[in-house]
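Working notes, beginning with the structure itself.
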Amino acid sequence: MQQDTALLAPELVTFGESMGLFTAQDSRGLEYASTLNKSFGGAESNVAIGVARLGHRAGWFGALGSDPIGTMIYKAIRGEGVDVSRAVLSSEAPTGLMIRENTAGKSSVYYYRKASAASQMKAENLDASYIQGSKILHVTGITAAISPSALACVERAMDIARSAGVKVSFDPNLRLKLWTLEEARSVLLRLAEKADYFLPGLDELKLLYDVEEDEAVFAELSRLNAVSIIKGGPELTYVLEHGTLTEVPYFKADQVLDTVGAGDGFCAGFIAGLLKGQTTVEAVRLGNLMGSMVIQAVGDWEALPTWEQVEAKLERKTHIER
């Protein structure tokens, strides 16, 4: 008996660069560390894993090197229930790497991604039907920053989605180690105009719009057609929808162990909320809860909770150890 492929299509489609992640296990920093912890990270694959753990079909694609790190990443994402059928293992370029150190309470990241397999993605290789079959396309400014051809992929994917009535979610994820502020500003603000949901941080917006006051940021955002979700307010997330500004409070974290991945957790929660039929504000509330849960454990994606864990948190259920 044949299954209806439309029923199996990912509800969320996202793509970008996922890299091998090596973290120094020594507070003295990378220079003196004798051991490194191996994992992987990538904003888009983090979001895909988060959405899958919350009970929705997610698809991620991108290019990885046909090397041990690339195959590790490919298998791990697939193992999380994310569809990777459009991902590519390239024999012509390596998987990108990032190395992280934590010293004096601060995290620093060093990238080794120039000429990586992901940076060579081309718009003409996109599977339009894969994007058209989804409900939400999620893209980030990181992919736009890694190469001109990757930027062309982002723009082409957004155009495909919009023409098919697929909602577009865009997180600018400003990374000034990848390009200058001037370069980023012209590209990211242009992409924001193509989005249905724009998910920037408040500090990012002040840099992109070159303003200092929150009111000036909101005035700039009001010119967009997108619903703007502004992260990083004073203990809250702002929602600017149809000219109305709503404040959605954070969830209190019992402890903060690792803030890396909080933004991706938020995006995953927000997108999953939309897929569950929630209003924008309800979906932002779920995103806030995801962000709060992620920072209470260590890891880029490992700490992303399941829907059962989220429900338990919402219902204040007590964990029974034995």
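- In this structure, a donor-acceptor pair under 3.5 Å is present between the side chains of T95 and D67.
- Contact detail for G20 and I69: the closest heavy-atom pair is CA-CG2, 3.6 Å.
- Rounding to the nearest 0.5 angstrom, the gap separating the CZ atom in F270 from the CD1 atom in I229 is 4.0 Å.
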- Report the C-alpha separation of L221 and I230 in whole Å, then their side-chain angles, then the decisive distance to 0.1 Å, and conclude whether the side-chain contact (heavy atoms from CB on, under 4.5 Å) test is met. CA-CA 10 Å; L221 291 173; I230 306 103; 3.6 Å; yes
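- When all heavy atoms of V211 and A216 are compared, the closest pair comes out as CB-CB, 3.8 Å.
- To the nearest 0.5 Å, atom CG of residue L30 and atom OG1 of residue T23 are 10.0 Å apart.
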- When you look at Q132 and I160, which way does the side-chain contact (heavy atoms from CB on, under 4.5 Å) test go after all the steps? CA-CA 7 Å; Q132 292 164 343; I160 290 169; 3.7 Å; yes
Identify each donor-acceptor pair in which a side-chain atom of residues 48-55 lies under 3.5 Å from a protein atom, sequence neighbours left out, and give them as a table.
residue: R53; atom: NE; partner: E80; partner atom: OE1; Å: 2.9
residue: R53; atom: NH1; partner: E302; partner atom: O; Å: 3.1
residue: R53; atom: NH1; partner: L304; partner atom: O; Å: 2.5
residue: R53; atom: NH2; partner: E80; partner atom: OE1; Å: 3.2
residue: R53; atom: NH2; partner: E80; partner atom: OE2; Å: 3.2

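- The side chain to side chain contact (heavy atoms under 4.5 Å, CB included) check on S149 picks up S147, with sequence neighbours excluded.
- Side-chain atoms of E204 come within 3.5 Å of backbone N or O of L174 as a donor-acceptor pair.
- With 3.5 Å as the limit, one finds a donor-acceptor pair spanning the side chains of N173 and R175.
- A donor-acceptor contact closer than 3.5 angstrom is absent between the side chains of S18 and E44.
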- Message: If you apply the rule side-chain contact (heavy atoms from CB on, under 4.5 Å), what do you find for T103 with Y32, and how did you get there?
- Response: CA-CA 11 Å; T103 56; Y32 300 103; over 6 Å; no
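- Relative orientation of the F15 and F61 rings is parallel, given thresholds of 30° and 60° on the angle between their planes.
- Closest approach of I131 and A157 over heavy atoms only: CD1-CB, 3.9 Å.
- Between the side chain of S134 and the backbone N or O of L137, no donor-acceptor pair lies under 3.5 Å.
- Shortest non-hydrogen contact noted between T180 and L176 is C-CD2, 4.2 Å.
- Using bins of under 30°, 30° to 60° and over 60° for the plane-to-plane angle, the ring pair F218/Y238 lands in the perpendicular bin.
- Judged by distance alone, the side chain of R162 and the main-chain N or O of K194 form a donor-acceptor pair under 3.5 Å.
- Residues T143 and E17 are not in side-chain contact: their nearest non-hydrogen atoms beyond the backbone lie 4.5 Å or more apart.
- Between the side chain of R185 and the backbone N or O of L208 there is at least one donor-acceptor pair closer than 3.5 Å.
- For residues 219-243, the pairs satisfying salt bridge (Lys or Arg N to Asp or Glu O under 4.0 Å) are D171-K231, E220-R223, with sequence neighbours left out.
- Here F266 pairs with nothing under the ring pair (Phe, Tyr, Trp, His ring centres under 6.0 Å) rule; sequence neighbours left out.
- For the pair Q309 and M293, the tightest heavy-atom approach, listed with the atom from each and the gap, is O-CE, 3.9 Å.
- Contact check on E213 versus K206 returns no salt bridge, with no Lys/Arg side-chain nitrogen under 4.0 Å from an Asp/Glu carboxylate oxygen.
- Each ring pair (Phe, Tyr, Trp, His ring centres under 6.0 Å) pair with one or both residues in residues 76-135, not counting sequence neighbours, would appear here, but there are none.
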- Message: Quick one, T237 with N288, criterion side-chain hydrogen bond (donor to acceptor under 3.5 Å, both in side chains). Give me CA distance, side-chain angles, the key distance, then yes/no.
- Response: CA-CA 8 Å; T237 300; N288 282 350; 2.8 Å; yes
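- Remark: R285 engages no residue in a salt bridge (charged side-chain N to carboxylate O under 4.0 Å, His left out) (not counting sequence neighbours).
- A salt bridge is absent between D83 and R57; no separation between the charged side-chain nitrogens and carboxylate oxygens falls under 4.0 Å.
- Nearest heavy-atom pair, I271 versus S169, reported as atom, atom and distance to 0.1 Å: CD1-OG, 4.1 Å.
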